[in-house]
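Below you'll find the structure, written out as structure tokens, and then a few comments.
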Amino acid sequence: MTPLPAANPFTLGVASGDPLPDSVVLWTRLAPRPYEPGGGLPGDGAVDVQWELAHDESFRRLARNGTVPAPAADDHTVHLDVRGLDPGRDYWYRFRTGRWISAVGRTRTAAAPDARPDAVAFGLLSCQQYDEGYYTALAHLAQEDLDAVFFVGDYIYENPINAQAGARNYTDTPLPEVFDHWTWNLTDYRLRYALGKSDPDLQAAHSAHPWFVTWDDHEVENNYAADVSRNNDPRDTFRARRAAAYRAYWENMPLREAHRPVGPDMSLYRRFSYGRLAQFDILDTRQYRSDQAYDDGWKYPGPESEDPARTITGDAQERWLLEGLRASTARWNVIAQQVVFCRRKNTTAARSRLSMDAWDGYPASRSRVLAGAREAGVENLVVLTGDVHVHYAMDIKADFDDPASRTLGVEVVGTSVSSGFDGQARPEDWNLLLAANPHMKYYDGRRGYAVVTLDDTRLQADFRTLNAVVTPGAPVATAARFVSEAGKPGFSRA
């Protein structure tokens, strides 16, 4: 067994995730020197970590406790699947090794399968580029009363980060040169997670709520598609990079052992329920997709993008999703995924360029999902999205060319935590996009997050925004609130 660390090893905080009615994953990582490879611990063996889960924040009433190894092979991370818990209740947890004790985290189990919760509330997060702003939004999210958080991609970015941390403009504590290059190998990706997780606001948000996580592209490389590198790297070279990125991702997320990657492959799509109120299907729209049509970017749709054989989910995941919708008995069916689902034209002309990286570049996939939802009798379809660093509230239409066509559901697009710097409430294309897309009911280009609340009668989406992220400490405000009534999908301003 590795000797106990001489300095505080809990520099990267604690986290919980993937709550079930009777279990939750608890996570921590030992790193007394987090900006060094291996976190300042030996490269072999394991460190024993004691853990406690309690009914109260003072830990007077323990529910579970034990000891678990933090192996060097997993970069001294802990993924503890605690079982036998009570549904729909709060627990507090912490870790200890030697004389060091971690911060305290709070988590919450999901509702029992046959329960009918009065409501469920969750945060929607994405896109936290470290060098484009502070994580102030996460400090505010930590203060929300939420059942869980959905993080739908771009937890880290692969770009070089200079000593000043870009827009953060560090002067007193510059970053080491180890971050000032693109991420390529396992050490690079592990260090990039250490940098992000050293942020106190990110630690606060993780310790306050359980998270459901999925990735998008920057966890590996911008706009990659399955085995295809955007930079056209050789396939074997890119698969080695993807294997390193996926390994570091699993190590640093509160995920179960079942999701541990095998080489460049990692099963991440999965399903959760909160009683009979809501079913959540978490997708991976990056690992299995067809290559972007017309060499990516915003292009006119045509035979290549509209080929019915093209897929953004892969065949197996698409079948899994549609089978789950058919079997669902939930009031709300929520799909948490990465890229914009609804159509987005960037001109009012009849023919418009569309994003080849979003579902617009894979319209056959979108049509199959919507047809499957209709055939399953899904009345309350919700899609949660990130990626584009803006807030949108959009209606999912049966025919996006006909604003009067049936509304099949709603899409909540949450803005970024920090990516894109401060942003602005009305970007340059604000009027154009709203005019070109009648189903788009709201558009805001500032940083922040969304809070989505579901009850038996309606969905409510609160769009939180900050006026700045390149300087710390900005206040948060609710810029807009939209609702969609159960059984009558479509957003209206509340």
Q) Do any pairs count as a salt bridge (Lys or Arg N to Asp or Glu O under 4.0 Å) and have a residue in residues 294-320, sequence neighbours left out, and if so which ones? A) Glu318-Arg368
Q) Among all residues two or more places apart in sequence or in another chain, which pass the side-chain hydrogen bond (donor to acceptor under 3.5 Å, both in side chains) test with Asp357? A) Arg286, Arg289, Gln292
Q) For His259, what residues pass the ring-ring contact (aromatic ring centres under 6.0 Å, His included) criterion, not counting sequence neighbours? A) none
Q) With respect to His206, which candidate in Phe151, Tyr135, Trp211, Trp27 satisfies the ring-ring contact (aromatic ring centres under 6.0 Å, His included) definition? A) Trp211
Q. Does His391 have its ring centroid less than 6.0 Å away from the ring centroid of Tyr443?
A. no
Q) Cut-off 3.5 Å, side chains only: do Glu132 and Ser419 have a donor facing an acceptor? A) no
Q: Would you tell me whether Thr214 and Tyr269 have side-chain atoms, one donor and one acceptor, within less than 3.5 Å of each other?
A: no
Q. Quick one: side-chain hydrogen bond (donor to acceptor under 3.5 Å, both in side chains) partners of Glu221, sequence neighbours excluded?
A. Ser229, Asn231, Arg241
Q. Under 3.5 Å, is there a donor-acceptor pair between the Tyr449 and Glu144 side chains?
A. yes
Q.
Between Arg464 and Thr478, do the side chains contain a donor N or O and an acceptor N or O under 3.5 Å apart?
A. yes
**Q.** For Tyr442, all residues meeting side-chain hydrogen bond (donor to acceptor under 3.5 Å, both in side chains), sequence neighbours excluded
**A.** Asp444
Q | Lys/Arg-Asp/Glu bridge criterion (N-O < 4.0 Å) met for Asp360, Arg343 | A | no
Q.
Just by distance, no angles: are the side chains of Ser416 and Arg447 close enough, under 3.5 Å, to form a donor-acceptor pair?
A. yes
Q.
Between Asp284 and Trp215, is there a side-chain donor-acceptor contact under 3.5 Å, judged purely by atom types and distance?
A. yes
Q: Give a yes or no on whether Glu257 atom CD has more than 12 heavy-atom contacts from other residues, nucleotides or ligands under 6.0 Å away.
A: yes
Q) Is it true that the side chains of Asn159 and Asp131 contain a donor and an acceptor less than 3.5 Å apart? A) yes
Q: To the nearest 0.5 Å, tell me how far Asp422 CG sits from Leu466 CG.
A: 9.5 Å
Q. Can you list the residues that meet the side-chain hydrogen bond (donor to acceptor under 3.5 Å, both in side chains) rule with Asn437, with sequence neighbours excluded?
A. none
Q: Could you label the plane-to-plane angle of the Phe212 and Phe280 rings as parallel, tilted or perpendicular, counting under 30° as parallel and over 60° as perpendicular?
A: parallel
Q) Relative to the ring of Phe491, is the ring of Phe482 parallel (under 30°), tilted (30 to 60°) or perpendicular (over 60°)? A) perpendicular
Q. If you measure only the distance, is there a donor-acceptor pair under 3.5 Å linking the side chains of Asp201 and Gln203?
A. no
Q. Do you see a donor-acceptor pair shorter than 3.5 Å between the side chains of Trp184 and Glu158?
A. no
